[in-house]
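Here the structure is a predicted model, which means the values were calculated and not measured. The first residue of the sequence shown is numbered 1, and numbering continues consecutively from there.
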Amino acid sequence: MKKIISFFHNIKEIICILWEASRIMTLLLLFNNIIRNALWPLRGLVVKQIIDMITLSLEKGIESYQRPLALYILLFFLFFWLNRIWWPLNSFTQALMLSKIGHGTRMRIIKVMENIELSFFDKSENYDTYHKALELTNGRQPINVVNNILGLISLIISFVSAFTVMISINIPVSIILIISSIPSLVWENRFNQKLYNFEQETTREKRLLNYIFKLFTDKKSAKEIRTFRFEKYLSDKHEATLKDYNSKYFRLITSKIKIDSLFWILMQISLMASYFIIIASASEGRIPLGDLSFFLSVSIGLQNAIKNIESSFNNVIQSSRYIDNLTSFEKSYLNISTKHGYKPIPETVESIEFRNVSFSYPNSEKAVLKNVSFKLSVPQNVILLGENGSGKTTLIKLLLGFYKPSKGEILLNGCNISDFDIRDYHKLFSVCFQDYIKYGFSLKDNIIMANSNIDDITFEQIIGKVQLLDLVRKLPYQEQTYLSKEYDEKGVELSGGQYNKIAIARALAKNSKIVVFDEPNASLDAKAEQNLFNLYSELTKDKLGIMITHRLSTAVCADMILVLKDGKLVEHGTHDQLMKLNQEYAFLFNMQSKQYISEVS
């Protein structure tokens, strides 16, 4: 019962997607599919009537049959032209609807992905779920879903009309044609289920094939592939994966061809037997020539209609599964926008507190953070220190709400951050990530994406603060210059340090109450680095700032230093306080100081 309810629910979803895309195009698609599948029995019926009229007119004279004969001839040419018009009209309608439906389903997926929790990306099965949902937007899949629905409806109409006339001609022969098609229907249903299962089970292999192909075509990976010369390794891996995939697929298709051939022979034998019976009946005068003509022209179509009805029904079921993949994806991951009762974000940020926070990544038992507690106030200049793997970046991810603590809680002004709408909560932060994104848009777009209402004066002040003003003036189109040649042949490729400055400028342009810098100086030269630290100090005069850095010299003037080691907060305080403790911070600071002194010497 649940499967039946789910099936009809998915059919409703398909119709809604279609109707929302374009009502006019929906009606055109329906009209096209009805013409395609309903014309053949109607055309056969008209030919039958024309032959009967000619036969009767030869026997009784043409006078009594002139008007009905002319009408049937007119109908014949009408159906002829409708059949010719269908092809270009159908191509035009499908091309437009393919774009509209594909766009609509992509926007539904984007709506989910823009709010999804970061933990989604830590599980490979989630990628499978995402790609299954994405199949509804790929290639001709959206329009195929629609055609399957409309095709089934029009096939049923054409089958009923053809069978009604044929059964009036010869009941036993009509039943033979139907019975001979049933085994093929049963097998078609089983095969479609096997094919769908195969597509779902091989989702990961298809993702891997696409990933390896993308490595060959992506500029980022091109440098390493050429430098390390591991193109053969990747090619072999791609070929092995493809060979395994094709082996499974060919076995499936081979079994279909063998069984299809047996059922095809059965259908041809029954068709030949039916022809023999009907021709014999016509030759003995038991049925008129018009009935013979109709039967001969429509009997193959009837068999195909029976087979296609089952095939279309199975396709509708399969299409409904694609819709089910999309709706299941939405239900699983769109809960963020359906939850109500969030607290309003406070107008002023007074404090951020970690209270006994522990955290392990999904599918991992290792604790990355262990019982971490601290409280930060506004304004405050905070430096977060620790060796690689100590948990610094993970702490920032928790602070930003990308993950939820395994234990403990994170508080904003004394309230758990899970009590706030995460989209509103994120508005509090201006962040420069260590792995910032280089967007293939203009330089200005790269900076103002989070605050597109920024005026030209403020924009110029920002690029001046991050020392990009001279660069911008030298670019072909200044701030409108694209930072990629992929979408504009006159675009430019910047250095790592220049991109780093753009990422910092993007954080400044957002102008939020809390500033977070995750090793923003990684690609900067000494002069730009010093400018960054001065800028950070200026920003945190009236804001809360948190910076991860390995340059301990920047911590000397910080209001608060947090030192992480093996996921634990081992020290916190000012530079002077921690130097007096003479523990982890003092050890790291002295070690780095000696290195600077030895380099100078």
Checking ring pair (Phe, Tyr, Trp, His ring centres under 6.0 Å) for the pair H572/Y585: CA distance, chi angles, key distance, verdict? CA-CA 9 Å; H572 63 91; Y585 175 79; over 10 Å; no

Evaluate Y403 against Y361 for ring pair (Phe, Tyr, Trp, His ring centres under 6.0 Å), listing each step before the verdict. CA-CA 9 Å; Y403 295 93; Y361 282 102; 5.3 Å; yes

Step by step, would you call Q461 with T458 a side chain to side chain donor-acceptor pair (under 3.5 Å)? CA-CA 5 Å; Q461 289 173 346; T458 307; 4.5 Å; no

Walk me through it: do Y245 and F198 pass the test ring pair (Phe, Tyr, Trp, His ring centres under 6.0 Å)? CA-CA 10 Å; Y245 174 86; F198 170 79; 5.3 Å; yes

For Y342 and D424: C-alpha separation, side-chain torsions, deciding distance, then whether side chain to side chain contact (heavy atoms under 4.5 Å, CB included) applies. CA-CA 10 Å; Y342 288 118; D424 293 333; over 6 Å; no

Test side chain to side chain contact (heavy atoms under 4.5 Å, CB included) applied to E460 and K465, step by step: CA-CA 9 Å; E460 192 160 325; K465 287 180 179 179; over 6 Å; no

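Residue H575 is tested with I383, L552, V556 for a side chain to side chain contact (heavy atoms under 4.5 Å, CB included); the sole match is V556. Each of L385, V563, L588 was compared with L578 under the side chain to side chain contact (heavy atoms under 4.5 Å, CB included) criterion, and only V563 meets it.
Contact annotation: the side chain of I462 approaches that of I454 to within less than 4.5 Å [non-hydrogen atoms, C-beta and beyond]. The shortest distance between side-chain heavy atoms of D559 and T574 does not fall below 4.5 Å. Between P476 and V492, some side-chain heavy-atom pair lies under the 4.5 Å cut-off. R207 places a side-chain heavy atom less than 4.5 Å from the side chain of R204. Side-chain contact between M560 and L376 is present, with heavy atoms from C-beta onward closer than 4.5 Å. The closest side-chain heavy-atom distance from I396 to L398 is not below 4.5 Å. Residues Y482 and L443 form no side-chain contact, since every pair of their non-hydrogen atoms from C-beta on lies 4.5 Å or further apart. Side-chain atoms of N446 and R506, non-hydrogen and from C-beta on, do get closer than 4.5 Å to each other.
We find the CG-NZ distance between D419 and K343 to be 4.5 Å, quoted to the nearest 0.5 Å. For the atom pair CG (L569) and CG (L395), the distance works out to 8.5 Å, reported to the nearest 0.5 Å. Here CG of L494 is found 7.0 Å from CG of L475. Values are rounded to the nearest 0.5 Å.
By the 4.0 Å N-to-carboxylate-O rule, R423 lies close enough to D421 to be salt-bridged with it. Taking 4.0 Å as the cut-off between side-chain N and carboxylate O, K444 and D456 count as a salt-bridged pair.
Between F402 and H426, the distance from one ring center to the other falls under 6.0 angstrom.
A donor-acceptor pair under 3.5 Å is formed between the side chain of S360 and the backbone N or O of K366. Side-chain atoms of N371 do not come within 3.5 Å of backbone N or O of G408 as any donor-acceptor pair. In this structure a side-chain-to-backbone donor-acceptor pair under 3.5 Å is missing from E571 to I561. Judged by distance alone, with hydrogens and angles left aside, the side-chain atoms of D518 form no donor-acceptor pair with the main-chain N or O of F433 at under 3.5 Å.
Remark: K513 NZ is packed, more than 12 non-hydrogen atoms of other residues, nucleotides or ligands lying under 6.0 Å away. The environment of OH in Y499 is crowded: more than 12 heavy-atom neighbours from other residues, nucleotides or ligands sit within 6.0 Å. Enclosure of atom CD in Q583 by more than 12 non-hydrogen atoms of other residues, nucleotides or ligands within 6.0 angstrom is indicated. In the displayed structure, K565 atom NZ is contacted under 6.0 Å by at most 12 heavy atoms of other residues, nucleotides or ligands.
Between Y439 and F441, the ring-plane angle classifies as parallel under the 30° and 60° cut-offs. Ring-plane geometry between Y425 and F420 is classed as parallel, the angle between the planes falling under 30 degrees on a 0 to 90 degree scale with a further cut at 60.
Shown here for Q467 and K501, the closest heavy-atom pair between the two residues is O-NZ, 3.6 Å. Residues P405 and V357 share a closest heavy-atom pair of CB-CG1, 4.0 Å. Taking each heavy atom of I352 and L412 in turn, the nearest pair found is CD1-CD1, 3.7 Å. Across V378 and K543, no two heavy atoms sit closer than the pair CG1-C, 4.1 Å. Considering all non-hydrogen atoms of both residues, I548 and K392 come closest at CG2-CE, 3.5 Å. Of all heavy-atom pairs between A503 and Y436, the closest is CB-CG, 3.6 Å.
Residues N416 and E409 have side chains that bring a donor and an acceptor to within less than 3.5 angstrom of each other. Side-chain contact, S495 with Q498: a donor N or O sits under 3.5 Å from an acceptor N or O.
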